[in-house]
Amino acid sequence: MEIIRTIAELKAKLDSARAKGSIGLVPTMGALHDGHLSLIERARNENDTVVVSVFVNPTQFNNPSDLATYPRTEEADTAMLSSAGVDYAFIPSVEEIYPEPDTRVFDLGPVAEVMEGAMRPGHFNGVAQIVSKLFEFTHPTRAYFGEKDFQQIAVIRRMVAIEGFDLEIVDCPIKRESDGLAMSSRNVRLSQEQRAIAPAIHRTLESSLSYADSHSVNETKRYVTDEINSFPQLKVEYYEIVDAHTMQPVDDWKETDCAVGCVTVFCGDVRLIDNIKYNVRK
Ligand code: PAF
């Protein structure tokens, strides 16, 4: 595996790789775990060349302390990438990516206005900025994203449509710890006690599937929120049940053929997110 730190070198390497076959891109912010590895494995199976970017993108953080405390583990990351059979690890500096401020404002539309978009102003514009830059540098055949950030995938699809990128967005299922907690780079910031409680988030989402069979959308939202909040260490920021394509909240199960429940929970000062798909054929 080669570690690449400049855009010029990345473009040169990928120009010759592209001439030989397909390129799979896995964008990450590092602090890699098995969830990332599952994306990389899929990219490895489906492409001739695999490039993984590791870049903690400052423009998508609306909270400076979240940016400051985001885990950075480059040495462990590169060891992991190398044994996962990655061809190129692109690990640029902030100055390399943003030699001057990126003032682009993307028209991301309604998919970006709710949930994370409402709670974290500017977050999705920052995601669109960095992902569009990565797509310009790499021109991948396919790019891989995890469904834990369910809304992010919808926003990236919208950015791809408005910018006219010719590539396939591949969404990959959430990878979980054996106790159900969704894998996340932020999990390392949980104390032992918080880590023991955090799986209650997924357990509650799972139990809401059968609850939803005989209850309305609003009752199901209340059930999930109250159950999670019954743990003193957990505080739901939002629980929203949305259409899987438009990200718009639904009031009735009949309004959609695929409803997804998206939750954000504070466990101390660690913000965890998760989601679950409801079978809405009622
Ligand atoms: O999901 C992430 O880790 C980030 O939002 C991404 C897509 C790598 C952009 O910085």
Side-chain angles (χ1 to χ4, degrees), residues 4 7 10 24-40 42-43 50-64 66-74 76-78 80-81 84 86 88-94 96-98 102 104 106 108 111-112 115-117 119-138 140 142-160 163 165 167-175 182-189 247 262 264 270-275:
I4 297 181
I7 296 162
L10 180 71
L25 169 69
V26 183
T28 82
M29 296 206 299
L32 302 177
H33 49 68
D34 284 357
H36 295 110
L37 283 186
S38 69
L39 270 57
I40 293 165
R42 178 133 180 219
V50 174
V51 47
V52 176
S53 60
V54 176
F55 180 66
V56 182
N57 173 40
T59 71
Q60 72 187 75
F61 285 81
N62 59 319
N63 175 345
D66 193 20
L67 173 60
T69 55
Y70 200 86
R72 288 157 169 91
T73 56
E74 187 180 314
D77 290 347
T78 49
M80 226 164 156
L81 293 176
V86 167
Y88 301 113
F90 178 50
I91 314 183
S93 65
V94 173
E96 179 70 10
I97 296 293
Y98 298 113
D102 189 341
R104 291 174 300 158
F106 291 81
L108 299 170
V111 289
M115 301 191 290
E116 293 300 276
M119 292 296 160
R120 304 178 68 189
H123 166 65
F124 282 135
N125 197 62
V127 170
Q129 288 175 339
I130 184 60
V131 175
S132 63
K133 276 178 183 274
L134 292 170
F135 287 174
E136 276 162 28
F137 307 153
T138 53
R142 301 177 189 86
Y144 296 79
F145 297 91
E147 282 189 342
K148 183 173 71 64
D149 297 293
F150 195 78
Q151 189 182 6
Q152 172 172 272
I153 300 180
V155 170
I156 290 170
R157 287 190 190 283
R158 163 83 183 164
M159 182 278 288
V160 164
E163 294 296 300
F165 285 110
L167 53 86
E168 186 189 342
I169 299 293
V170 183
D171 37 350
C172 304
I174 300 176
K175 194 88 173 146
M183 289 187 183
S184 163
S185 304
R186 290 188 162 90
N187 291 353
V188 295
R189 296 190 50 230
M247 297 295 123
C262 299
T264 303
V270 185
R271 192 169 181 273
L272 301 173
I273 73 173
D274 204 344
N275 61 74

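All of these numbers come straight from a predicted model, not from anything done at the bench. Counting starts at 1 for both ligands and their atoms, in listed order.
Residue Glu147 holds its CD atom at 14.0 Å from NZ of Lys175, rounded to the nearest 0.5 Å.
In this view, Tyr70 and Phe61 satisfy the ring-ring contact (aromatic ring centres under 6.0 Å, His included) rule, not counting sequence neighbours.
The only member of Val131, Val111, Leu108 that meets side-chain contact (heavy atoms from CB on, under 4.5 Å) when paired with Ile156 is Val131.
Thr59 and Gln129 are linked by a side-chain donor-acceptor pair at a separation below 3.5 angstrom, with hydrogens and angles left out of the test.
Taking the charged nitrogens against the carboxylate oxygens, Glu116 and Arg271 do have a contact shorter than 4.0 Å, which makes a salt bridge.
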Report all N/O contacts between ligand 1 and the protein shorter than 3.5 Å as a table of atom names and distances to 0.1 Å; if there are none, say 'none'.
from	atom 1	to	atom 2	distance (Å)
ligand 1	1 (O)	Gln152	NE2	2.9
ligand 1	5 (O)	Gln60	NE2	2.9
ligand 1	5 (O)	Gln152	OE1	2.7
ligand 1	10 (O)	Gln60	OE1	2.6

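Phe90 and Phe137 have perpendicular rings, their planes meeting at more than 60° on a 0 to 90° scale where under 30° would count as parallel.
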